[in-house]
Amino acid sequence: MAHNFRFLEEKWEVLARVGETAERNVYQNPNVAMSELRKFAETITKYILALEEIREERGTDQQERLRVLFYEQIIPKEIYDLLTVIRLKGNEAVHNPSYGEVNEAKALLHMAFRIAVWFMEVYGDWSFQAPEYIEPTPQTSITTDEFDQIVQSYEEKLARLETELEKIRKEQLYISSEEKQKRREFSQRAIANFELTEAETRLLIDQQLRDAGWEHSC
């Protein structure tokens with residue numbers, strides 16, 4: 001069974017599990033898939049902040065995290081835009097249980113995969129070869145028992161996330177400035193091959209139009 005986030009398992013198992021949960025809900029419950037992708041994006045953003053030795057204030061929300069990372073030129077605009085769309089769509093899904101369509105959830109899942117690949121290339125393994133993205137199918141779906149089991153496995157890890165982040169921040173003290181500069185270079189190189197699908201592009205443009213005060217009727 002396809003699991004597009006499996007490559008994260010060794011270094012960031014919690015991200016792999018949240019990504020898998022989203023992927024396996026795309027068809028049977030797109031609302032849950034989008035809510036899980038919001039969680040995925042928030043968690044990956046917290047990891048980036050820790051890896052960059054940026055301590056977030058208590059009560060910091062995802063919008064503020066993204067603003068800081070973009071302002072500090074840690075995440076490129078392409079990644080910022082994808083994370084922003086996932087944040088906004090995920091918020092809608094969390095606050096409205098009836099919100100969410102399969103095609104939209106599929107496009108957001110592909111965006112999350114791109115973010116995960118970028119993250120792995122920049123902060124995981126510079127020799128990482130990204131796997132091909134595999135479109136989820138209805139057969140990828142998950143039973144209630146499986147869902148509960150996966151959620152339980154990562155909820156425990158999320159509860160201990162702050163301890164892990166503190167450990168990561170301390171480890172960064174031993175990383176040279178040359179290595180940190182290399183991260184920036186890899187970050188730009190990693191997004192050079194971005195080619196969004198038509199569905200992803202439409203989602204991105206629709207959101208940007210909405211942010212600019214335009215309502216897109218299509």
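Ring pair F186/Y123: centre-to-centre distance not below 6.0 Å. Note: W118 and F194 fail the aromatic proximity criterion, with ring centroids not under 6.0 Å apart.
Side-chain atoms of N4 and E23 form a donor-acceptor pair, as typed in the model, at a separation below 3.5 Å. Side chains of Q62 and R65: a donor-acceptor N/O pair is present below 3.5 angstrom, by distance only. Counting only N and O atoms by type, the side chains of T163 and E166 include no donor and acceptor under 3.5 Å apart. Between the side chains of T84 and Q207, not a single donor N or O lies within less than 3.5 Å of an accepting N or O.
For the pair E42 and K39, the salt-bridge criterion is not met [side-chain N within less than 4.0 Å of a carboxylate O]. A salt bridge does not link K182 to E178: none of the charged side-chain nitrogens sits closer than 4.0 Å to a carboxylate oxygen. A salt bridge links E171 with K167: at least one charged nitrogen is closer than 4.0 Å to a carboxylate oxygen. A salt bridge links E146 to R24: one of the charged nitrogens lies within less than 4.0 Å of a carboxylate oxygen. One finds a salt bridge joining E53 and K180 here, because a Lys/Arg side-chain nitrogen approaches an Asp/Glu carboxylate oxygen to under 4.0 Å. A salt bridge is defined here as a Lys NZ or Arg NE, NH1 or NH2 lying under 4.0 Å from an Asp or Glu carboxylate O, and E195 with R114 fails to meet this definition. The pair R169-E162 meets the salt-bridge criterion, with a side-chain N (NZ, NE, NH1 or NH2) lying under 4.0 Å from an Asp/Glu carboxylate O.
E121 places none of its side-chain heavy atoms less than 4.5 Å from the side chain of R189. With a 4.5 Å cut-off on side-chain heavy atoms, P30 and E104 do not count as touching. Put simply, the side chain of W12 does not reach to within 4.5 Å of the side chain of I44, judged on heavy atoms. A heavy-atom distance below 4.5 Å is found between the side chains of R17 and S153. Inter-residue side-chain proximity for K106 and L109 is flagged as unmet; no heavy-atom pair is nearer than 4.5 Å. Here the side chains of L165 and L49 are not in contact, with every heavy-atom distance at 4.5 Å or above. When side chains are defined from C-beta on, N31 does not count as touching N96, because their heavy atoms never get closer than 4.5 Å. At a threshold of 4.5 Å between non-hydrogen side-chain atoms, the residues D206 and L203 do not count as touching.
One finds the CG atom of L82 at 13.5 Å from the CZ atom of R87 (value rounded to the nearest 0.5 Å). The distance from the CG atom of L108 to the CG atom of L204 is 10.5 Å, given to the nearest 0.5 Å. Once rounded to the nearest 0.5 Å, the distance linking CD of E20 with CG of L8 reads 11.5 Å. Distance check: D61 CG to R67 CZ gives 10.5 Å after rounding to the nearest 0.5 Å. Rounding to the nearest 0.5 Å gives a distance of 11.0 Å between CD1 of I115 and CG of L15. Taking CZ of R210 as the reference point, atom CG of L88 lies at 9.0 Å (rounded to 0.5 Å).
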For M111 and L37, run side-chain contact (heavy atoms from CB on, under 4.5 Å): C-alpha distance rounded to whole Å, both residues' side-chain angles, the deciding distance at 0.1 Å, then the answer.
-> CA-CA 10 Å; M111 288 180 177; L37 290 172; over 6 Å; no
Derivation and outcome, salt bridge (Lys or Arg N to Asp or Glu O under 4.0 Å), residues E56 and K46 = CA-CA 8 Å; E56 50 180 301; K46 288 181 179 184; 5.2 Å; no
When you look at R202 and E198, which way does the salt bridge (Lys or Arg N to Asp or Glu O under 4.0 Å) test go after all the steps?
-> CA-CA 6 Å; R202 193 182 307 120; E198 187 181 334; 3.0 Å; yes
Apply side-chain contact (heavy atoms from CB on, under 4.5 Å) to the pair F119 and I79, showing each step before the final yes or no.
-> CA-CA 10 Å; F119 181 64; I79 296 295; over 6 Å; no
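D81 is linked by a side chain to side chain donor-acceptor pair (under 3.5 Å) to K77, counting only residues two or more places apart in sequence or in another chain.
With hydrogens and angles ignored, the 3.5 Å screen pairs a side-chain donor or acceptor of Y27 with a backbone N or O of P136. When atom types are taken as modelled, the side chain of E200 and the backbone of T197 share a donor-acceptor pair closer than 3.5 angstrom. Side-chain atoms of N29 do not come within 3.5 Å of backbone N or O of N25 as any donor-acceptor pair.
Listed by first and then second residue, the ring-ring contact (aromatic ring centres under 6.0 Å, His included) pairs involving residues 62-101 are F70-Y80 (not counting sequence neighbours). For residues 131-162, the ring-ring contact (aromatic ring centres under 6.0 Å, His included) pairs, not counting sequence neighbours, are H110-Y133, F113-Y133.
Taking all atoms of both residues into account, the shortest heavy-atom contact from F40 to A116 is CZ-CB, 3.9 Å.
Checking each of E179, E52, E72 against R184 for a salt bridge (Lys or Arg N to Asp or Glu O under 4.0 Å) leaves exactly one that passes, namely E52.
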